[in-house]
Amino acid sequence: MSVEISQTVAHSTRRKFKSLRWWMLALFLLGVTVNYITRNSLGILAPELKTSLNMTTEQYSWVVASFQLAYTVFQPICGWLIDVIGLKMGFLICASIWAVVCMLHAGAGTWVQLAILRFFMGGAEAAATPGNAKAISDWFPKKERPIAAGWAGVGFSIGAMLAPPIIVIAHVSFGWQGAFLFSGALALVWVVLWWVFYHSPQQHPNLSQKEFDLIHEDNEPVLPKLPFFKSLAILCKNKKFYGIAIPAFLAEPAWAVFSFWVPLYLATERGMDLKQIAMFAWLPFLAADIGSVASGYLTTLYRKWFGFTRVNSVVASSVTGAFMMVSLAFVAITKDPYIAIALISVGGFGHQVISCMLSALVVESFDKNQMATVNGMRGSSAWIASFLFTLLIGAVSDTIGFNPLFVAMGFFDLIGAMFLIGLIAERGKKPSPSV
């Protein structure tokens with residue numbers, strides 16, 4: 001009751017903004033965009049860092065893997081933290097840490113020092129995935145969540161898309177050390193914006209009563225906050241979690257390659273220099289942006305054309321993305337570097353359809369008091385695969401090249417689609433009249 005009263009008071013004294021939920025999602029996604037600019041700076045600078053720090057390809061794989069290991073371990077922890085103390089403070093703390101650590105990269109003198117810094121940065125940046133689910137569940141009614149999840153995915157890929165030109169320009173202007181300092185400073189600017197402008201729906205002074213009622217029209221119960229290990233124990237008994245976690249595990253190696261290895265692949269196997277990489281390495285992420293947005297609307301088409309339930313339409317959208325990932329297998333047989341980039345871009349589209357729909361399934365399938373924790377566990381499952389695949393690339397790419405790895409990535413997601421259909425898809429249910 002006190003929450004409802006405070007809402008009414010706030011609504012009577014402050015200016016209201018139409019569709020404020022979308023503005024709040026945009027503010028969160030701006031943070032995710034900066035997150036990916038700082039994250040992908042390593043991959044863009046990899047060719048020079050290997051020379052400047054005297055790194056072998058295998059040592060570079062350990063630098064990447066240290067980030068991925070921390071990201072894997074800390075996603076459920078960051079998710080639980082966000083569930084307990086709220087999205088605003090939880091994400092602010094993590095963003096402040098990753099911004100400062102990114103700037104400290106400029107002082108790295110060896111690959112070991114760089115690996116240590118990447119570990120701490122990965123632990124802090126792990127808040128992005130669980131924070132995404134929390135933002136969607138806090139600000140959107142269930143009927144809007146698949147589309148919101150699609151738009152949310154844009155933040156995860158647009159940062160990676162913007163990273164090549166931004167980091168290359170910063171590198172040309174300030175050197176590789178300055179590029180890290182610049183991207184870290186961008187993150188600190190966003191932290192200030194987040195602190196000033198973000199509030200939860202219950203506390204936001206610019207949220208109208210009409211929109212507040214729309215957000216909460218599903219009447220989801222307010223459940224008690226759970227201790228971390230109890231929350232994990234509950235998840236491990238739920239088959240739906242495995243129906244999401246296993247496809248995430250199989251999908252993530254491709255995204256790891258896009259983020260950390262494509263620039264090096266273009267340099268070593270396609271003969272491109274840093275400027276050419278800046279011109280083309282962003283294209284798979286542009287395709288991923290388009291895939292993010294399209295994924296949510298694709299669910300609407302499946303409901304309209306085939307009468308699918310909301311959950312089954314999300315599953316169908318993800319399966320569509322899995323078939324598009326087969327394009328990566330053809331990268332291995334093309335000789336033209338531009339066709340290779342086009343095929344990788346198709347894979348970027350397909351991957352982000354899958355990723356956004358897995359986030360939507362988390363929001364559809366689990367209670368709000370576990371939302372960020374579940375998405376953190378989904379992310380950990382994904383990044384375990386990312387970590388292992390990175391070590392595999394580092395161990396074998398200098399001897400067998402990237403082609404066999406692209407073939408494997410082309411078929412991983414079709415296997416994941418089988419688990420989605422088997423463990424998540426609803427059988428014998430009719431679509432709700434409200435969808």
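The structure presented is a predicted model; accordingly, all values stated were derived computationally and were not measured.
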* Nearest-0.5 Å distance that lies between atom OG1 in Thr334 and atom CD1 in Ile341 -> 10.5 Å
* Lys/Arg cation over aromatic Trp23: Lys18, 6.0 Å, 45° cone -> no
* Would you sort out whether Trp98 and Val101 count as a side chain to side chain contact (heavy atoms under 4.5 Å, CB included), showing the intermediate values? => CA-CA 5 Å; Trp98 92 56; Val101 174; 5.7 Å; no
* **CZ (Phe402) with more than 12 external heavy atoms under 6.0 Å** => yes
* Asked: In Å, rounded to the nearest 0.5 Å, how long is the span from CG of Asn35 to CG of Asn40?
  -> 9.0 Å
* Structure fact -> Hits for ring pair (Phe, Tyr, Trp, His ring centres under 6.0 Å) against Phe306, two or more places apart or cross-chain, chain-then-number order -> Tyr302, Phe308
* Asked: What heavy-atom pair brings Ser200 and Tyr198 nearest, and what distance separates the two atoms?
  -> N-CE2, 4.1 Å
* **side chain to side chain contact (heavy atoms under 4.5 Å, CB included) evaluation trace for Met357 with Val319** => CA-CA 10 Å; Met357 293 301 92; Val319 172; over 6 Å; no
* To do: May I ask you to check whether over 12 heavy atoms, not counting those of Trp62, lie within 6.0 Å of atom CH2?
  => no
* Asked: Can you tell me how far OG1 of Thr390 sits from OH of Tyr60, rounded to the nearest 0.5 angstrom?
  -> 8.5 Å
* Derivation and outcome, side chain to side chain contact (heavy atoms under 4.5 Å, CB included), residues Arg310 and Lys142 -> CA-CA 10 Å; Arg310 188 164 56 224; Lys142 284 187 175 181; 3.9 Å; yes
* Roughly how far apart are Leu188 CG and Ser96 OG, rounded to 0.5 Å? -> 7.0 Å
* To do: Report yes if the side chains of Asn312 and Arg303 come closer than 4.5 Å at any heavy-atom pair, otherwise no.
  => no
* Using the benzene-type ring in the case of Trp, are the ring centres of Phe74 and Trp80 under 6.0 Å apart? -> no
* Asked: Would you say His216's side chain and Phe212's backbone share a donor-acceptor pair under 3.5 angstrom?
  -> yes
* Under the side chain to side chain donor-acceptor pair (under 3.5 Å) test, residues paired with His199 that sit two or more places apart -> none
* Asked: Quick check: does any side chain N or O of Trp139 sit under 3.5 Å from a backbone N or O of Trp22, one acting as donor and the other as acceptor?
  -> no
* So among Ile421, Leu358, Leu423, which one has a side chain to side chain contact (heavy atoms under 4.5 Å, CB included) with Val315? -> Ile421
* **Heavy-atom pair of closest approach, residues Ala187 and Thr38** => CB-CG2, 4.4 Å
* **Partner set under ring pair (Phe, Tyr, Trp, His ring centres under 6.0 Å) for Phe28, not counting sequence neighbours** => Phe91
* To do: Work out which heavy atom in Ile244 is nearest to a heavy atom in Val362; give both atom names and the distance.
  => CD1-N, 3.9 Å
* Close side-chain approach of His204 to Met24, heavy-atom, < 4.5 Å -> yes
* Check: Tyr265 ring centroid to Trp261 ring centroid under 6.0 Å -> no
* Is a side-chain donor-acceptor pair under 3.5 Å present for Ser386 with Glu252? -> no
* Structure fact -> In short, Leu328 meets Ala254 closest at the heavy-atom pair CD1-CB, 4.1 Å
* Side-chain contact test, heavy atoms from C-beta onward, threshold under 4.5 Å: evaluate it for Leu405 versus Phe389 and give yes or no. => yes
* Check: Met418 and Leu250 side chains under 4.5 Å, non-hydrogen atoms -> no
* Any Phe67 side-chain heavy atom under 4.5 Å of Leu117 side chain -> no
* Restricting to pairs with a member in residues 173-192, which pass side-chain hydrogen bond (donor to acceptor under 3.5 Å, both in side chains), not counting sequence neighbours? -> none
* Asked: Taking all non-hydrogen atoms of both residues, which atom of Ala128 and which atom of Tyr71 are closest, and how far apart?
  -> CB-OH, 4.1 Å
* **Reported CG-to-CD1 distance for the pair Leu420 and Ile246, which is rounded to 0.5 angstrom** => 9.5 Å
* To do: Return yes if a side-chain donor-acceptor contact under 3.5 Å exists between Tyr297 and Trp151, otherwise no.
  => yes
* Residues in side chain to side chain donor-acceptor pair (under 3.5 Å) with Arg21, at least two apart? -> Glu144, Glu211
* Asked: How about His105 and Leu114: do any of their side-chain heavy atoms sit closer than 4.5 Å?
  -> yes
* Asked: Between Thr320 and Ala316, is there a donor-acceptor pair closer than 3.5 Å when you use the side chain of the first and the backbone of the second?
  -> yes
* Asked: In terms of heavy-atom contacts, does CZ of Phe120 have more than 12 from other residues, nucleotides or ligands at under 6.0 Å?
  -> no
* To do: Give a yes or no on whether Lys240 atom NZ has more than 12 heavy-atom contacts from other residues, nucleotides or ligands under 6.0 Å away.
  => no
* Looking only at atom types and distance, does a side-chain atom of Arg118 sit under 3.5 Å from a main-chain N or O of Gln68, one as donor and one as acceptor? -> no
* Report the C-alpha distance between Leu69 and Val73 in whole Å, list the side-chain angles of each, state the deciding distance to 0.1 Å, and finish with yes or no for side chain to side chain contact (heavy atoms under 4.5 Å, CB included). => CA-CA 6 Å; Leu69 176 62; Val73 172; 4.2 Å; yes
* Donor-acceptor side-chain pairing of Gln352 and Ser295 below 3.5 angstrom -> no
* Asked: If you look at every heavy atom in Val353 and Ser317, which pair is closest and at what distance?
  -> CG1-O, 3.1 Å
* Asked: Taking only residues two or more places apart in sequence or in another chain, which ones pass ring pair (Phe, Tyr, Trp, His ring centres under 6.0 Å) with Tyr242?
  -> none
* To the nearest 0.5 Å, what is the distance between CG (Leu42) and SG (Cys102)? -> 10.0 Å
* Check whether any side-chain heavy atom of Ile344 lies under 4.5 Å from a side-chain heavy atom of Phe406, and answer yes or no. => yes
* Would you check if Ser41 and Phe180 make a side-chain contact, meaning some heavy-atom pair closer than 4.5 Å? => yes
